[in-house]
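Values reported hereafter were calculated over all heavy atoms of this structure, with side chains retained and with hydrogens, waters and symmetry mates removed.
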Amino acid sequence: MSKKRRTKQGSSAKRSRTIVKTPTGSSLEAVRIPEQSTPVTVVPWDAETDGDLYGDESTGGIPVDFKFRQAALPGVLMSFGELFAKERRREISAGWGYSVELPAVLDLLEHIEQGVVKASAARALFLEAAEQLYGPFGCRSFEDPATVRADCQAAGGCALCEERRSWFEALLDQSDVLWQRLQQPEVYPFAAGRRGIHDTTCSVVKRETPENYARPVGEAYTQALHLYSHTVVPYERDMFEGARS
């Protein structure tokens, strides 16, 4: 059951988007309310009935147990990918993009205020949690592409290259077949281009065809796989063919 307030539906006519002004001096000048196709009236929160219905449910995040020497915060919900505050931008490994449920933060601050938990210990545990969740949350895809490419080249490959290797191999197989056909115009007199059908020997086909072709091997293969994996949408073959370097 999702966490949604009980509502009463009104007219189905759309209403204009509303702009809610924030107080003077606020970091946000205006908050834009999304359009709703059906006006709604929110029923006030009923602590006795609604608490039983929605109070113990969660719609996202991964629970992490925070264990300190003299205290523990079990099942702290952490998530990633929704909040990227530009005012506190830093490396993802240093926490940028992660979110932590507010009640757990308040409980942790209370432990720190009481001297039960040291602030340095809390900080270290938060960063450790971010490191452990880096993979499960797919944080790598949010990193600076230039940094990811540089790391891949320095290491001679990466997980993304391995993930897309089979797609790259299929593209090479197809390229081998197409090249062989271009060398036999008497057997394959026509070629399908981006804007129609051409004679295999026409100037358009010659202009779009490299003078020489050989399936890459060794270092050339590694560099071609790297280019394919990191700079091209794998499903768009035309983009790859146009990204020659």
[X] side chain to [Y] main-chain N or O, any donor-acceptor pair under 3.5 Å?
{"X": "Asp199", "Y": "Thr201", "result": "no"}
{"X": "Arg90", "Y": "Arg88", "result": "yes"}
{"X": "Ser229", "Y": "Arg164", "result": "no"}

Hphob cluster co-occupancy, [X] + [Y], side-chain heavy atoms under 4.5 angstrom:
{"X": "Phe80", "Y": "Leu127", "result": "no"}
{"X": "Met78", "Y": "Leu125", "result": "yes"}
{"X": "Tyr134", "Y": "Leu83", "result": "no"}

Hey, mind stepping through Gln132 and Glu128 against side chain to side chain donor-acceptor pair (under 3.5 Å) and telling me if it holds?
-> CA-CA 6 Å; Gln132 294 296 323; Glu128 181 181 346; 5.0 Å; no
Going by heavy atoms in the side chains, are [X] and [Y] under 4.5 Å from each other?
{"X": "Ser79", "Y": "Val100", "answer": "no"}
{"X": "Phe126", "Y": "Tyr98", "answer": "no"}
{"X": "Leu109", "Y": "Glu113", "answer": "no"}
{"X": "Trp96", "Y": "Phe142", "answer": "no"}
{"X": "Ile62", "Y": "Phe137", "answer": "yes"}
{"X": "His230", "Y": "Cys152", "answer": "yes"}
{"X": "Val76", "Y": "Asp65", "answer": "no"}
{"X": "Asp151", "Y": "Thr147", "answer": "yes"}

Using 0.5 Å steps for rounding, measure from the [atom1] atom of [X] to the [atom2] atom of [Y].
{"X": "Glu211", "Y": "Lys206", "atom1": "CD", "atom2": "NZ", "result": "11.5 Å"}
{"X": "Ser99", "Y": "Leu77", "atom1": "OG", "atom2": "CG", "result": "11.0 Å"}
{"X": "Lys67", "Y": "Leu73", "atom1": "NZ", "atom2": "CG", "result": "12.0 Å"}
{"X": "His198", "Y": "Glu208", "atom1": "NE2", "atom2": "CD", "result": "8.5 Å"}
{"X": "Leu172", "Y": "Phe168", "atom1": "CG", "atom2": "CZ", "result": "4.0 Å"}
{"X": "Asp176", "Y": "Arg215", "atom1": "CG", "atom2": "CZ", "result": "4.5 Å"}

Using a cut-off of 6.0 Å, state whether more than 12 heavy atoms not belonging to Phe84 lie near its atom CZ.
->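 Counting other residues, nucleotides and ligands, CZ of Phe84 exceeds 12 neighbours.
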Kindly give the heavy-atom pair with the smallest separation between [X] and [Y], and that separation in Å.
{"X": "Ala129", "Y": "Val64", "result": "CB-CG1, 4.3 Å"}
{"X": "Val116", "Y": "Ala71", "result": "CG1-CB, 3.8 Å"}
{"X": "Ala72", "Y": "Pro74", "result": "O-CD, 3.6 Å"}

Quick one: side chains of residues 181-189, donor-acceptor pairs under 3.5 Å with protein atoms, not counting sequence neighbours, listed by atom name and distance.
residue	atom	partner	partner atom	Å
Gln183	NE2	Trp179	O	3.3
Gln184	NE2	Gln180	O	3.2

What do the steps show when you test Leu108 against Phe68 for side chain to side chain contact (heavy atoms under 4.5 Å, CB included), and what is the final call?
-> CA-CA 10 Å; Leu108 182 56; Phe68 302 95; 3.8 Å; yes
Going by atom types alone, do Glu219 and Gln223 pair a side-chain donor with an acceptor below 3.5 Å?
-> yes
Cut-off 3.5 Å, no hydrogens considered: what does the side-chain donor-acceptor table look like for residues 156-163, sequence neighbours left out?
residue	atom	partner	partner atom	Å
Glu162	OE1	Arg165	NE	3.2
Glu162	OE2	Arg165	NE	3.4
Glu162	OE2	Arg165	NH2	2.5

For Val148, what are the other residues in its hydrophobic cluster, where any two members join if their side-chain heavy atoms are less than 4.5 angstrom apart?
-> none
